[in-house]
Amino acid sequence: MSAPFAAGDFDLKATLHSGQVFHWRADGAGGYLGALGGRAVRLVQPESGLLAATAGAEEAARVYLGLDHEISKIHESFPRGREDAILREAMAYCPGLRILNQPSWECLATFITSSLKQVAHISQISHELRQRFGERLEIDGNAIYAYPLPQAIADAGEDALRACGLGYRARGLHRAALRLARGEVDLDALRELPDDELREALCGFYGVGEKIADCVSLFGFGRLQSFPVDVWIERLLRKHYGGQIGEKAPLPRVREFAQAHFGRYGGYAQQYLFHYARLEGV
DNA sequence: CTCCAGGTGCCGA
DNA sequence: TCGGCACATGGA
C-alpha cells in the first residue's frame with residue numbers, strides 16, 4: 001500500500017456505496033477491492049481526511065474518486081432559498097460523498113443494465129458480467145474481475161447476457177458493445193463534445209434515455225452540472241419544490257427545473273439528495 | 001401473492 | 001408533446 005495521502009471532505013465507504021458504482025467489495029480489513037484502469041486495486045481510509053491505495057495506483061485513485069473536485073466551491077454554488085432546506089439537510093447527511101470519474105464504457109454499460117432495477121440487483125448483474133466475461137486480476141490472493149471489454153460483450157451474444165439476469169436490458173448492452181467493438185462510436189471522442197451534443201450522442205444508444213444519459217455524463221464524463229432524475233429524485237423534487245415545478249408538470253418539465261435550479265454543479269446536489277432520499281426515505 | 005426498482009421505446013390521441 | 005403500456009427479473 002502507498003503511504004496515506006490527504007483526502008479531505010471525503011468518505012470512501014459512502015462514495016463506493018452511493019449507487020454510482022457497483023463492484024467494490026469490502027475486504028474485511030477496512031479496505032475495498034476493485035478494478036481500476038485494468039489493474040486490481042485496494043483502497044483504504046485509515047482515518048478521516050486520509051486515503052491509501054495500492055502502491056502505484058495513488059494518482060489513478062485520486063482522479064477516479066473525484067478528489068480534485070473543489071467541494072467548498074461546489075457548495076457555494078448551490079441555491080440557498082427557503083425551499084432548499086432539503087438540500088442543506090441532504091448535504092449534512094452525507095459529507096464526503098464524491099462524484100466518481102469512471103471509465104466511460106464501464107459507466108455506460110453498467111447504467112444500461114440499471115433501468116428499472118434496484119441498486120442491489122445492478123450490483124449482482126455487474127459481478128456476474130465481470131466474472132463471466134471480464135479479465136481476471138488478482139490482489140493479495142483475491143480474484144478481482146475487470147469490467148468486460150466491448151469486444152467480449154459483443155462476442156458473448158445477447159442470449160448469454162440474458163442468462164446473467166439482464167432481462168430485456170441484454171439487447172441494449174449487446175448493441176452498445178457491438179457499436180464500440182466495430183468502431184462505429186468512439187467514446188473518447190465524445191469527451192470533446194459540448195454537454196448537449198454529448199447527451200444527444202449517448203441517447204443514440206438503444207436503451208439509453210434522458211436519465212441514463214445524465215448518469216453517464218455525470219459519472220463517466222465529468223459533466224458535474226448533469227442532474228439525473230430517477231424515481232427517487234422525482235418524488236423528492238415534486239414534494240419539496242412542487243410549488244415551483246407545478247402540480248401536474250410532466251417529467252421533462254421536472255428535469256428542466258432541476259437542471260436550471262441547481263446550477264453548474266447540480267450533479268453534486270443531485271447525489272446528496274439521492275443518497276438522502278434513498279437511505280432516509282425523505 | 002403483490003408491489004416496486006437509479007427507465008426506455010413505442011404507440012395512439 | 002403527452003399519457004399509457006409492455007418489458008424481465010428478483011427482493012421486500
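Just so it is clear, the values below take in all heavy atoms, side chains as well, and ignore hydrogens, waters and symmetry mates.
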- Message: Could you check, using the six-membered ring where one of them is a Trp, whether A:Phe262 and A:Tyr241 have ring centers closer than 6.0 angstrom?
- Response: yes
- Grab the CZ-C1' distance between A:Phe22 and B:dA5 for me, whole Å please. 12 Å
- Task: Assess whether one donor atom and one acceptor atom, taken from the side chain of A:Lys117 and the base of C:dT9, lie less than 3.5 Å apart.
- Result: yes
- Out of C:dT9, B:dA5, B:dT8, which has the shortest distance to the side chain of A:Val231? B:dA5
- Under 3.5 Å donor-acceptor pair, A:Arg169 side-chain atoms to C:dA8 base atoms: yes
- Look at the side chain of A:Pro250 and decide which nucleotide, out of B:dG9, B:dT8, C:dG3, has an atom nearest to it. C:dG3
- Length of the line joining A:Glu210:CD and B:dT8:P, which is rounded to integer Å: 8 Å
- Item | Among B:dA5, B:dT8, C:dA8, the nucleotide that comes nearest once only the side chain of A:Trp232 is considered | B:dA5
- Under 3.5 Å side-chain donor-acceptor pair for A:Tyr147 and A:His23: no
- Let me know the distance between NZ of A:Lys248 and C1' of C:dG4, rounded to the nearest Å. 14 Å
- Message: Just the rounded figure in Å: distance from C1' of B:dT8 to NZ of A:Lys211.
- Response: 12 Å
- Do the rings of A:Phe78 and A:Tyr272 sit parallel, tilted or perpendicular, given the 30° and 60° boundaries? perpendicular
- Message: Heavy-atom nearest nucleotide on DNA chain B for A:Phe205 versus A:Gln271: which residue maps closer to 5'?
- Response: A:Gln271
- Starting at atom CG of A:Leu116, determine the distance to atom C1' of C:dG11, rounded to an integer number of angstrom. 14 Å
- Item | Phosphate OP1/OP2 of C:dG11 contacted by A:Gln124 side-chain N/O (<4.0 Å) | yes
- Task: Look at all strands and tell whether A:Arg278 reaches a base, only sugar-phosphate, or nothing, counting heavy atoms closer than 4.0 Å.
- Result: nothing
- Under 4.0 angstrom between A:Arg235 side-chain N/O and B:dA5 OP1 or OP2: yes
- Message: Under 4.0 Å, counting only non-hydrogen atoms across every strand here, what does A:Gly207 touch: a base, just sugar-phosphate, or nothing?
- Response: sugar-phosphate
- Message: Give me the distance, rounded to whole Å, that separates C:dG10 from B:dG9 when you measure between the C1' atoms they each carry.
- Response: 23 Å
- Message: Using the rule side-chain hydrogen bond (donor to acceptor under 3.5 Å, both in side chains), only one of A:Asp27, A:Asp140, A:Thr54 pairs with A:Arg42; which is it?
- Response: A:Asp27
- Message: Between P on B:dG7 and OH on A:Tyr168, what's the gap in Å once rounded to a whole number?
- Response: 8 Å
- Message: Let's see if you can work this out: which of B:dT8, C:dG11, C:dA8 has an atom nearest to the side-chain heavy atoms of A:Gln118?
- Response: C:dG11
- Task: Select base, sugar-phosphate, or nothing to describe what A:Thr113 touches, counting heavy atoms under 4.0 Å on all strands.
- Result: nothing
- Query: Whole-Å distance between B:dA5 P and A:Ile233 CD1?
  - Reply: 13 Å
- Message: Students often mix this up, so state it plainly: with edges at 30° and 60°, are the rings of A:Phe257 and A:His261 parallel, tilted or perpendicular?
- Response: parallel
- Side chain of A:Arg162 - closest among C:dT9, B:dT8, B:dA5: C:dT9
- Report the distance from atom CZ of A:Arg171 to atom C1' of B:dC10, rounded to the nearest whole Å. 12 Å
- How is A:Val229 classified with respect to the nucleic acid when contacts are heavy atoms under 4.0 Å: base, sugar-phosphate, or nothing? nothing
- Query: If you draw the axis of the six-membered ring of A:Phe221, does the NZ or CZ of A:Arg191 fall within 45° of it and under 6.0 Å from the ring centre?
  - Reply: yes
